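Since the structure comes first, as structure tokens, the remarks are kept for the end.
Basis for what follows: all heavy atoms, side chains included, without hydrogens, waters or symmetry-related copies. Just so we're clear, the structure is a prediction, and the values are computed from it rather than from any experiment. Counting starts at 1 for both ligands and their atoms, in listed order.
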Amino acid sequence: MNRKQIPLSKEDLEKIAREYPTPFHLYDEKAIRENARAFYRAFSWAAGFKNYFAVKACPNPTILQILKEEGMGVDCSSQTELVLSEKVGFRSGGIMFTSNDTPDEEFVTAVRQGAVINLDDIRHIDALERSAGIPELLSFRYNPGDSRSGNVLIGLPQEAKYGVTRDQIVEAFRIAKNKGAKRFALHTMVASNELDENYFVETARMLFELAVKIKNEVGVNIETVNMGGGLGIPYRPKERAINTDALADKIHSLYEKIIIPASLAPVKVVFECGRLITGPYGYLISRVLHVTSKYKEYVGLDASMANLMRPGIYGAYHHITVSGKENEPHDCLYDVTGSLCENADKFAIDRNLPQVESGDLVVIHDTGAHGYSMGYNYNGKLRSAELLLRENGDVQLIRRAETIDDYFATMRFPGAPVGV
Ligand SMILES: *Cc1c(COP(=O)(O)O)cnc(C)c1O
């Protein structure tokens, strides 16, 4: 059981809300740092261990800076993410570029930065050579197809658009070698929000065995095995977090069993986790505007899908607490909604909560990854601020809320308002 508690009282939240109007996302720096350290401690046996934080999970420079201080790199998949990472100060070995359907100019930027290029397709070798040249170090994303079952969230590997197939992967390394690459890495990602650590143990086995096969058939040593992201978090109070110590131990055993006898060591083990790193340590704070009684009972918030898409697009569960009413009986059944003209704009359906009144502050949990970053501007809704709860208890604005001027900034028409 995880307790789903924000480390702030109702009084604390009201005080913050007086300075920064709701809705806003709030991240807990102390918890993010402690979690990052625990992850690294679990893999302390693995020389050169690194997590390349998936920027898309929480593309805020202050958060990226914190993760950089904890020894992480970044995993980018677009020009903007590469530029953002460079601005935060990530350099060559700290940047992984795992893109797909990649425009030439993104290869150019990634190569200029010295990022590790993780190619999604065997034909992309040519595109990379033509646009930016073959770098010394080259990685491929492997898609095992029907030899792995995938998981419910990401679907079957053979239905996924990503990666080099089983038939192509050895040939891909051969081509890269012939074109002058000198150092090689291997990547896969076949699950999303998976809570069973054994899934990733099997992924490690698959990649380690493939590294041996590539050594035998192409004569190159894979120097880095990249397990991707996809490690899940317990969104529901009843779910259990991944035991990263057990995961690391099991991968260590496989390393001793497969990599060492094949004389491949040292092979670096790396991940691209986003959700696991910041997901549980972010909260969307919103105020109840209206409680209404129709064919069902509704709690209407000042946040909407513009701030958090996951429930609307995936039916994803996010735990919700009502600040100051955590210990009251949860005997009312509500749909918790935003204000979009879109019936999918619900944070929860048929959720038991305490009796809610307009003006209450609601905490939506586990929004630290794939939360703010997925937001959009439908109905002209503006994206919220992001705040950081610092280790000393101060609250820092790390992204201001959008204004209506931001919304109009890209429009070109005669009556375009100036300084609305
Ligand atoms: C989205 C993504 C990740 C991060 O996924 P999480 O679920 O946040 O761990 C890592 N690598 C790649 C290539 C991705 O597309």
Side-chain angles (χ1 to χ4, degrees), residues 27 32 35-36 39 42-43 50-60 63-64 67 72-82 84-85 90 94-102 106 110 115-121 124 139-144 148 150-155 157 159-164 185-197 199-200 203-204 207 224-235 239 241-242 244 247 269-282 308-310 313-314 316-318 366-374:
Y27 307 106
I32 290 172
N35 177 55
F39 192 35
F43 281 90
K50 207 175 186 68
N51 184 64
Y52 292 86
F53 179 74
V55 171
K56 69 173 190 241
C58 193
N60 185 294
I63 300 293
L64 297 182
L67 298 176
M72 291 195 193
V74 276
D75 176 45
C76 301
S77 60
S78 72
Q79 181 84 350
T80 309
E81 290 179 354
L82 287 169
L84 171 59
S85 299
F90 289 95
I95 306 175
M96 184 75 63
F97 184 53
T98 305
S99 59
N100 68 94
D101 191 26
T102 312
E106 299 190 359
V116 181
I117 313 277
N118 189 13
L119 288 183
D120 181 72
D121 188 81
H124 286 13
S139 178
F140 286 99
R141 177 173 192 161
Y142 174 54
N143 180 333
R148 287 299 297 280
N151 77 350
V152 283
L153 261 147
I154 212 167
E159 302 286 338
K161 66 173 178 170
Y162 308 112
V164 180
L186 180 61
H187 165 274
T188 200
M189 175 156 168
V190 285
S192 181
N193 194 30
E194 175 61 56
L195 281 170
D196 180 357
E197 58 246 18
Y199 198 91
F200 299 98
T203 295
L207 290 181
T224 302
V225 161
N226 179 347
M227 312 260 303
L231 278 74
I233 59 168
Y235 285 99
E239 289 171 336
I242 285 196
T244 45
L247 172 67
V269 173
V270 308
F271 284 86
E272 297 172 347
C273 291
R275 193 186 315 270
L276 182 80
I277 306 303
T278 54
Y281 315 113
L308 179 67
M309 296 270 266
R310 298 187 71 259
I313 63 174
Y314 308 129
Y317 181 95
H318 278 266
D366 303 306
T367 66
H370 313 293
Y372 179 94
S373 56
M374 272 189 178

With atoms numbered from 1 as shown, which atoms in ligand 1 lie under 4.0 angstrom from a non-hydrogen atom of Arg141? 13 (C)
Closest heavy-atom contact between Thr98 and Arg141? CG2-NH1, 3.9 Å
When you look at Asn118 and Glu272, which way does the side chain to side chain contact (heavy atoms under 4.5 Å, CB included) test go after all the steps? CA-CA 12 Å; Asn118 189 13; Glu272 297 172 347; 4.0 Å; yes
How far is atom 5 (O) of ligand 1 from its nearest protein heavy atom, and which residue and atom is that? Met189 CE, 3.6 Å
What residue and atom, counting heavy atoms only, is the protein's closest point to atom 10 (C) of ligand 1, and at what distance? Glu272 O, 3.1 Å
Closer than 4.0 Å to some heavy atom of Ala54 - which atoms of ligand 1 meet that? 3 (C), 4 (C), 10 (C)
Check: Ile277 main-chain N/O paired with Asn35 side-chain donor or acceptor under 3.5 Å: yes
Given the side-chain rings of Phe43 and Phe271, with only the six-membered ring counted for Trp, is the space between their centroids under 6.0 Å? yes
For ligand 1, find out whether one of its N or O atoms is nearer than 3.5 Å to an N or O atom of Gly228. no
Out of all atoms in ligand 1, which are within 4.0 Å of some heavy atom of His370? Include the element for each. 6 (P), 7 (O), 8 (O)
Minimal non-hydrogen separation, Asp366 against Pro234, with atom names: OD2-O, 4.1 Å
Do Asn60 and Tyr372 come close enough that some side-chain heavy atom pair is under 4.5 Å? no
Over all heavy atoms of both residues, which pair between Leu276 and Gly232 is shortest? Give the atoms and the distance, please. CD1-O, 3.8 Å
Could you find the nearest protein heavy atom to atom 15 (O) of ligand 1 and give me its residue, atom name and distance? Lys56 NZ, 2.6 Å
Does Ser192, backbone or side chain, put an N or O under 3.5 Å from an N or O of ligand 1? no
Stepwise side chain to side chain contact (heavy atoms under 4.5 Å, CB included) test for Arg275 and Ser192: CA-CA 9 Å; Arg275 193 186 315 270; Ser192 181; 3.5 Å; yes
Mind checking whether Gly230 has a heavy atom under 4.0 Å from ligand 1? yes
Heavy-atom gap Cys273 to ligand 1 smaller than 4.0 Å: yes
Under 4.0 Å, counting heavy atoms only: does Asp75 come that close to any atom of ligand 1? yes
